[in-house]
Amino acid sequence: MDINRLRWASRRGMLELDLVLLPFLENHFHSLNAEDQRFFETLLECEDQDLFNWFLRKNLPDDENLRRIVTIILSHTGLQDGR
C-alpha cells in the first residue's frame, strides 16, 4: 500500500486514534522493516473500538503480529503505561 493510501486509512472516526496513528505513520513507519510495515497495514483493517482499547492498554490483540505492531506504536507515543 502506498503512503497516501496508508495516510487515508490511518484517518479514523475517532480523534484519539488519529492522534496515535497519523504521527506514527509520518514519523516512524518508514523505519519499520517490511514485515512490520505489513503488520501496520493489517492493523489498519481492524475495528476502531479494538484499536482504541489496544492503544489505551485495556487489552492486547490475540494475534501475535498485531500485538507486535501495537507494542511498537505504543513505544512511540510518549504515553506512560499507567499500570
Side-chain angles (χ1 to χ4, degrees):
M1 193 180 293
D2 70 63
I3 195 71
N4 288 326
R5 287 180 186 253
L6 287 172
R7 191 173 292 115
W8 181 255
S10 295
R11 295 190 56 146
R12 310 304 286 216
M14 300 175 77
L15 176 62
E16 295 86 351
L17 296 179
D18 291 352
L19 294 174
V20 172
L21 292 171
L22 288 170
F24 180 82
L25 176 66
E26 298 296 333
N27 299 316
H28 303 289
F29 178 80
H30 64 280
S31 65
L32 296 175
N33 63 44
E35 184 178 45
D36 287 338
Q37 287 181 352
R38 284 192 303 277
F39 297 156
F40 182 78
E41 291 176 25
T42 301
L43 181 76
L44 294 178
E45 296 172 6
C46 295
E47 297 291 327
D48 285 358
Q49 195 59 46
D50 291 332
L51 295 171
F52 184 75
N53 287 326
W54 298 337
F55 293 143
L56 284 180
R57 295 181 175 95
K58 291 185 177 184
N59 55 46
L60 287 172
D62 294 330
D63 180 272
E64 180 180 329
N65 297 326
L66 289 177
R67 193 173 327 122
R68 175 177 169 70
I69 194 63
V70 166
T71 301
I72 291 170
I73 293 169
L74 286 171
S75 72
H76 289 90
T77 63
L79 298 174
Q80 300 297 314
D81 186 352
R83 291 183 221 182

**Asked** With a 4.5 Å heavy-atom cut-off, do F52 and M14 have their side chains touching?
**Response** yes
**Prompt:** What is the minimum heavy-atom distance between L25 and S10, and which atoms define it?
**Reply:** CD2-OG, 3.8 Å
**Cluster overlap L22 with I3, hydrophobic side-chain contacts below 4.5 Å** = no
**Heavy-atom pair with the smallest gap, counting every atom of L66 and D63** = N-OD1, 2.9 Å
Anything under 3.5 Å between a donor and an acceptor, one on a side chain of residues 43-50, the other on a protein residue two or more places apart or in another chain? List them.
unit_1, atom_1, unit_2, atom_2, d
D48, OD1, R12, NE, 2.7
D48, OD1, R12, NH2, 2.8
D48, OD2, G13, N, 3.3

**Close side-chain approach of L32 and I69, heavy atoms under 4.5 Å** = yes
**Fill in**
Scanning both residues in full, the closest heavy-atom pair of Q37 with F29 reads NE2-O, 3.1 Å
**Item:** Members sharing L15's hydrophobic cluster (side chains within less than 4.5 Å)
**Value:** L19
**Request:** Report the residues that fulfil side-chain contact (heavy atoms from CB on, under 4.5 Å) with R68, sequence neighbours left out, ordered by chain and then residue number.
**Result:** N33, D36, F39, I72
**Request:** Any chance you could measure L21, atom CG, to F55, atom CZ, to the nearest 0.5 Å?
**Result:** 4.5 Å
**Message:** Suppose we screen for side-chain contact (heavy atoms from CB on, under 4.5 Å). Which residues come up paired with E26, at least two apart in sequence or across chains?
**Reply:** R7
**Item:** Partner residues of R67 under the salt bridge (charged side-chain N to carboxylate O under 4.0 Å, His left out) criterion, sequence neighbours left out
**Value:** none
**Prompt:** Can you name the residues that form a side-chain hydrogen bond (donor to acceptor under 3.5 Å, both in side chains) with N27, not counting sequence neighbours?
**Reply:** none
**Fill in**
dist N65:CG -> R38:CZ (nearest 0.5 Å) comes out at 9.5 Å
**Request:** For T77 and L74, work out which heavy atoms get closest and say how close.
**Result:** OG1-O, 3.0 Å
**Prompt:** To the nearest 0.5 Å, how far apart are CH2 in W54 and CG in L17?
**Reply:** 11.0 Å
